[in-house]
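In this chain, numbering begins with 1 at the start of the sequence shown.
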Amino acid sequence: MSSSRVHSRTQIGIVGAGPAGLMLSHLLARAGIDSVAVDLRSRREIEETHRAGILEQDSVDLLAGTGVCDRVHRDGYRHDGIELAFGGGAHRIDFQGLVGASTQLYPQTDVFIDLADARERDGGDVRFGVTDVSVDGLTSDAPAMRFTDADGTAHEIRADFLVGADGSRSLCRREVPQARRTQYFREYPFAWFGILAEAPPSAPELIYNHSPRGFALISQRTETLQRMYFQCDPAEDAAAWSDDRIWDELQSRVGANGHTLKEGPITSRTVLPFRSFVQEPMHHGRLVLAGDAAHTVPPTGAKGLNLALADVRVLAEELERAVASGDTAPLETYSERALGRVWKAQHFSYWMTTMLHTLPGATPFDIRRQEGELASVTGSTAGSTYLAEAYTGWPEGR
């Protein structure tokens, strides 16, 4: 071990300072528990990475109710439903009327900014732009988190517990011995071609569009910036598509169901592969995993960020018990509680994905069968209620 390494101690070491890691650090601070959160990325890099934009009601309440910021209410857009477009028409799922809940359109970048500002405001120890991150001694009484900070100083921080909230390429996840984990994985034969466009909204709520040409999702960001996606091959080259070609493809897909999009300059384009992943259990020794480090879902059901926030809400409760007792049993309880929701979200995301997307080699029968499934959902109060309840989230204990 290098003699020049700076040694220190904290109660919780958090690898990953995205929304999951920062929210956990915030919740722990409210319980009087110290933490240090580190991230390989700079704060600016995280702020400029466009991702999810739909928050469940519980996620909104977590941000506003725990004193992070009330900007989610001031700058967000409440959505009381979504539209399923198929078979030449459109059908609205009324969240408020069916389950008395809503979602909030509020970009993940803004969630991150609010959390980063809150941790800075409250004196939280968050270090961006670190390198050489590693964890060690996971089954010892004082596991270590090692890294080199942005100024080039090497650190070793010993903690009571470590948290891996370091995303889908998690280094913490890889430290769990193969004999101590089970991984579940599914890759999908399609991706989303995502764009950001400078244009006014084309609809007041999200449109999930099914067509023989493939799926399209019409979303929003602000009054002047819109987020849209269409199904494509995972090997598609986003740079090969001109603005005109992109708009032609989107218009042809939504036009089949009676919609016309408002167009504008495209400022960003990317291809987003689809996969489902879960690692069980979500703990090993004194290490716990949260968010994408433990599970990923297809984006169709808008569950990724919401699952991560739900994880850390539960994790903060169980870590408070673990710190008080010095015992690892609450980590097992966390894993069990979190995985119950994770697998419900995996099912919902898989169901939405396979119901709406056109599989490679799909026959006319396959397309018509999907339309029959969509008609069964939209034409049934029970079917629509399930979709509304799952989309807006499952409060624990419902």
Side-chain angles (χ1 to χ4, degrees), residues 8-39 43 46 58-69 72 111-128 130 133 135 137-138 141-145 147 155-167 170 172 282-294 305-338 341 396:
S8 57
R9 193 79 164 72
T10 191
Q11 289 174 293
I12 309 296
I14 305 171
V15 182
L22 292 183
M23 177 57 84
L24 177 62
S25 177
H26 172 72
L27 294 174
L28 291 172
R30 285 171 58 87
I33 297 172
D34 294 331
S35 68
V36 177
V38 302
D39 203 291
R43 173 169 173 167
I46 304 173
D58 277 4
S59 298
V60 173
D61 293 344
L62 189 62
L63 287 167
T66 63
V68 173
C69 183
V72 64
V111 173
F112 168 77
I113 290 168
D114 292 346
L115 284 163
D117 286 349
R119 296 310 297 130
E120 186 173 346
R121 175 197 70 202
D122 298 339
D125 192 342
V126 181
R127 310 183 196 188
F128 295 105
V130 306
V133 179
V135 294
L138 303 182
D141 291 336
M145 178 173 70
F147 61 93
H155 293 264
E156 176 179 291
I157 300 179
R158 292 282 172 174
D160 296 331
F161 301 95
L162 295 180
V163 177
D166 50 339
S170 171
C172 292
M282 291 169 59
H283 71 97
H284 170 67
R286 287 179 174 254
L287 169 73
V288 285
L289 303 175
D292 287 358
L305 174 58
N306 292 295
L307 272 183
L309 294 177
D311 279 356
V312 298
R313 178 179 58 80
V314 173
L315 180 55
E317 296 173 5
E318 298 300 344
L319 280 175
E320 187 175 355
R321 296 187 182 98
V323 168
S325 66
D327 189 9
T328 60
L331 307 188
E332 184 174 350
T333 302
Y334 156 70
S335 181
E336 293 172 354
R337 289 175 64 188
R341 188 184 188 96
E396 195 172 28

Taking all non-hydrogen atoms of both residues into account, name the closest pair between [X] and [Y] and its distance.
X    : Y    : answer
R119 : S25  : NE-OG, 3.0 Å
M145 : L162 : CB-CD2, 4.1 Å
V323 : F161 : N-CE1, 4.0 Å
D311 : G291 : OD2-N, 2.8 Å
D39  : G18  : OD2-N, 3.7 Å
M23  : V312 : CG-CG2, 3.7 Å

Taking C-beta and beyond as the side chain, do [X] and [Y] meet within less than 4.5 Å on heavy atoms?
X    : Y    : answer
R9   : D160 : yes
L305 : P19  : yes
V38  : I157 : no
L22  : V68  : no
L287 : V135 : no
R286 : D141 : yes

Checklist entry - In chain order, what residues pass the salt bridge (charged side-chain N to carboxylate O under 4.0 Å, His left out) check against R127, with sequence neighbours excluded? => result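 R127 satisfies salt bridge (charged side-chain N to carboxylate O under 4.0 Å, His left out) with D125 once adjacent residues are dropped.
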
Item to check | Contacts of type salt bridge (charged side-chain N to carboxylate O under 4.0 Å, His left out), residue E120, not counting sequence neighbours | outcome: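 Partners of E120 under the salt bridge (charged side-chain N to carboxylate O under 4.0 Å, His left out) test: R43.
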
Nearest 0.5 Å, please: how far is [atom2] in [Y] from [atom1] in [X]?
X    : Y    : atom1 : atom2 : answer
L309 : D58  : CG    : CG    : 10.0 Å
E336 : E318 : CD    : CD    : 9.5 Å
L27  : I33  : CG    : CD1   : 10.0 Å
D114 : L63  : CG    : CG    : 6.5 Å
L289 : D166 : CG    : CG    : 8.0 Å
Q11  : L28  : CD    : CG    : 8.5 Å

Next on the checklist: Please check this pair: side chain of H283 against backbone of T328, looking for a donor-acceptor N/O pair closer than 3.5 Å.
Outcome noted: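 Not confirmed, H283 side chain does not pair with T328 backbone.
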
Item to check | Test item: R341 side-chain N/O and A310 main-chain N/O as donor-acceptor pair under 3.5 Å | outcome: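 Answer holds: no.
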
Checklist entry - Knowing that exactly one of L315, L115, V288 qualifies, which makes a side chain to side chain contact (heavy atoms under 4.5 Å, CB included) with L24? => result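 Single pass found, and it is L315.
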
Checklist entry - With under 30° as parallel and over 60° as perpendicular, where do the rings of F147 and H155 fit, or are they tilted in between? => result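 Answer is parallel, since the angle falls under 30°.
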
